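I have placed the structure first, in the form of structure tokens, so that the comments after it can refer back to it.
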Number of protein chains: 2
Amino acid sequence: MSAVPPPARRTDPERRDRIIDAALEVIARDGVAGTSHRRVAAAADVPLGSMTYHFTGMDELLDEAFTRFADRAADGFADRFGAATSREEAVEAVVALLEQDPLADAHDLVLTHELYTLAARDPRYRRITEHWLERNHTTLTRHFDPTTARIVDALIEGVTLHRALGAPRSRTTEAVEAVRRATRAG
Amino acid sequence: MSAVPPPARRTDPERRDRIIDAALEVIARDGVAGTSHRRVAAAADVPLGSMTYHFTGMDELLDEAFTRFADRAADGFADRFGAATSREEAVEAVVALLEQDPLADAHDLVLTHELYTLAARDPRYRRITEHWLERNHTTLTRHFDPTTARIVDALIEGVTLHRALGAPRSRTTEAVEAVRRATRAG
DNA sequence: CGCCGCAGTGTACGATCGTACACACCCCGT
DNA sequence: ACGGGGTGTGTACGATCGTACACTGCGGCG
């Protein structure tokens, strides 16, 4: 789990990074189930032996890959609200989030669910999702009270999920209405 | 995908059923990734050869297993609202749904996410989730208008997801508040 | 200049997989 | 009574997997 920093390798320090990114690509394409050391090595254009050299095993690779993915996703989430200076703009950012086409980047969608599945079974991966959720919650509490933030976050997650699962695209007015209700203080 | 009914086997008709149920058990325990013909056969206590005899391949087995799971889940969802005769009782049923401990049956939780992951990647499995969502939506529209039903369903999904991912148990008052806002007509 | 230690790699092993397929067995029609 | 067709199964094959591990080649120190 790389609690300690890597032991100061002399050459090619970005090779390890490239493997992690390649792993995310392979996972998005073939799923965690279809991800093997060989496929990742091929995608990263490194020899098979590099896999066992840089990572103790598949678990460590998955852990680091999904940690990176979750961090990037949380960054992106924060960016979407970073520009908002008022509560109204934050609400609009939420609406925009709910309106975006989930098929637009099936890449991230698949990765998200692969991670969720891992987290549902293995508490170890739950640490990653916990941290992700907490970062998103922190982002939202910059604009909403904690309870509203939690409700809004759950709403975003639920609507995104429904779309990923093939629910008919709800109309914009419906998304707007959902956000309006969720953000209306009791 | 068993579009046609099985060809009227003479003996042991429940053997195929037992295999499907065993598959769900194995998936819940080891994940889709860790599910093999051999493991399912062992769990169902049938010989390996029965796998290829009753199913054309792993895809057909997964498809039928998750179809059965989704049907049962939709049945359970409908049962929870079946007793409700008023809108207030329906609201209470939603609150109860949000308050139940998701860890209580990790079994179903894992199966749900395994299915979601499949659906996120493969449109074929999306037919199963679409149907599931539609049935849940139909159940909710017995008590709520369509827009509210959609919002409530997304909220349930989001809150359940957050809990599965390790979010701190939100307080009961928070769940009640979320439902109150979601069900309050605009 | 020579050697030594380590970053980095190619290969081989044992396990497991999905699936095909030859065969066994039983029931039924003749 | 007996032959045949179809239900059901054991086994074997080729592919792929994770991982270990002996090895290479080079950069720096004595």
Side-chain angles (χ1 to χ4, degrees), chain A residues 1-2 4-27 29-66 114 118 121-122 124-125, chain B residues 1-2 4-27 29-66 114 118 121-122 124-125:
Chain A
M1 229 121 49
S2 88
V4 296
R9 257 167 294 278
R10 314 268 177 79
T11 69
D12 208 354
E14 86 279 4
R15 174 165 302 228
R16 199 167 186 278
D17 277 351
R18 210 168 61 234
I19 293 174
I20 294 175
D21 281 333
L24 286 174
E25 264 177 53
V26 173
I27 294 168
R29 178 163 33 92
D30 304 325
V32 168
T35 298
S36 68
H37 281 157
R38 283 167 178 83
R39 281 214 251 252
V40 174
D45 195 40
V46 299
L48 174 60
S50 283
M51 293 292 124
T52 54
Y53 178 71
H54 287 290
F55 302 90
T56 63
M58 184 64 85
D59 280 336
E60 181 176 319
L61 177 57
L62 288 181
D63 196 278
E64 297 214 29
F66 278 117
E114 293 283 351
L118 253 44
R121 186 192 328 281
D122 192 339
R124 181 165 144 214
Y125 292 98
Chain B
M1 224 127 47
S2 88
V4 296
R9 256 166 294 280
R10 314 270 177 79
T11 69
D12 208 353
E14 87 279 2
R15 174 166 304 229
R16 199 167 185 277
D17 277 351
R18 207 168 64 233
I19 292 174
I20 294 176
D21 281 333
L24 286 174
E25 263 178 54
V26 173
I27 295 168
R29 179 165 31 96
D30 304 325
V32 168
T35 298
S36 68
H37 281 156
R38 284 168 178 83
R39 282 215 251 253
V40 174
D45 196 37
V46 300
L48 175 60
S50 283
M51 293 292 124
T52 54
Y53 179 72
H54 287 290
F55 302 91
T56 64
M58 183 65 85
D59 280 336
E60 181 175 320
L61 177 57
L62 289 181
D63 196 280
E64 298 213 28
F66 278 117
E114 293 283 351
L118 253 44
R121 184 192 330 281
D122 191 340
R124 181 163 145 216
Y125 292 97

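A note on names: the letters A, B, ... follow the listed sequences, proteins ahead of strands, and every chain is numbered from 1. Since the structure is predicted, the reported quantities are computational estimates derived from the model, not experimental observations.
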**Request:** Applying salt bridge (charged side-chain N to carboxylate O under 4.0 Å, His left out), run through A/Arg16 and A/Glu60 and close with a yes or a no.
**Result:** CA-CA 12 Å; A/Arg16 199 167 186 278; A/Glu60 181 176 319; 3.1 Å; yes
**Request:** Carefully, step by step, assess B/Leu62 and B/Ile27 under the rule side chain to side chain contact (heavy atoms under 4.5 Å, CB included).
**Result:** CA-CA 9 Å; B/Leu62 289 181; B/Ile27 295 168; 3.7 Å; yes
**Request:** Take B/Leu48 and B/Tyr53 through the test side chain to side chain contact (heavy atoms under 4.5 Å, CB included) and record every step on the way to the result.
**Result:** CA-CA 9 Å; B/Leu48 175 60; B/Tyr53 179 72; over 6 Å; no
**Request:** Please report the C-alpha distance between B/Arg124 and B/Asp59 in whole Å, then the side-chain angles of each, then the deciding distance to 0.1 Å, and finally whether the side chain to side chain contact (heavy atoms under 4.5 Å, CB included) criterion is met.
**Result:** CA-CA 10 Å; B/Arg124 181 163 145 216; B/Asp59 280 336; 3.4 Å; yes
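Taking 4.5 Å as the limit, some side-chain heavy atom of B/Phe66 sits within range of a side-chain heavy atom of B/Glu114. Counting only heavy atoms from C-beta outward, the side chains of B/Val46 and B/Met51 approach each other to under 4.5 Å.
Atom-to-atom, NE2 of B/His54 to P of D/dT9 comes out at 7 Å; the value is rounded to the nearest Å. Atom CD1 in B/Ile19 sits roughly 11 Å away from atom C1' in D/dG8 (whole-Å rounding). Rounded to an integer number of Å, the gap from B/Leu61 CG to C/dC17 P is 14 Å. B/Phe55 places its CZ atom 15 Å from the C1' atom of C/dT19, with the value rounded to the nearest Å. For A/Asp59 and D/dT19, the CG to C1' distance is 13 Å, given to the nearest whole Å.
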Detail all sub-3.5 Å separations between protein N/O atoms and N/O atoms belonging to nucleotides 10-16 of chain D.
none

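For residues 38-56 of chain A, every residue pair satisfying the salt bridge (charged side-chain N to carboxylate O under 4.0 Å, His left out) rule, not counting sequence neighbours, is listed here: A/Asp30-A/Arg39.
In terms of modelled atom types and a separation under 3.5 Å, the side chain of A/Thr35 and the main chain of A/Gly31 share a donor-acceptor contact.
Remark: B/Tyr53 is not in phosphate contact with D/dT9, judged by side-chain N or O atoms under 4.0 Å from OP1 or OP2.
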**Prompt:** Can you give the dot-bracket line for DNA chain D, where a pair is Watson-Crick or G-U wobble with both atom distances under 3.5 Å, crossing pairs use [ ], and | marks a partner on another strand?
**Reply:** ||||||||||||||||||||||||||||||
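Counting non-hydrogen atoms under 4.0 angstrom, A/Met58 reaches the backbone sugars and phosphates but no base.
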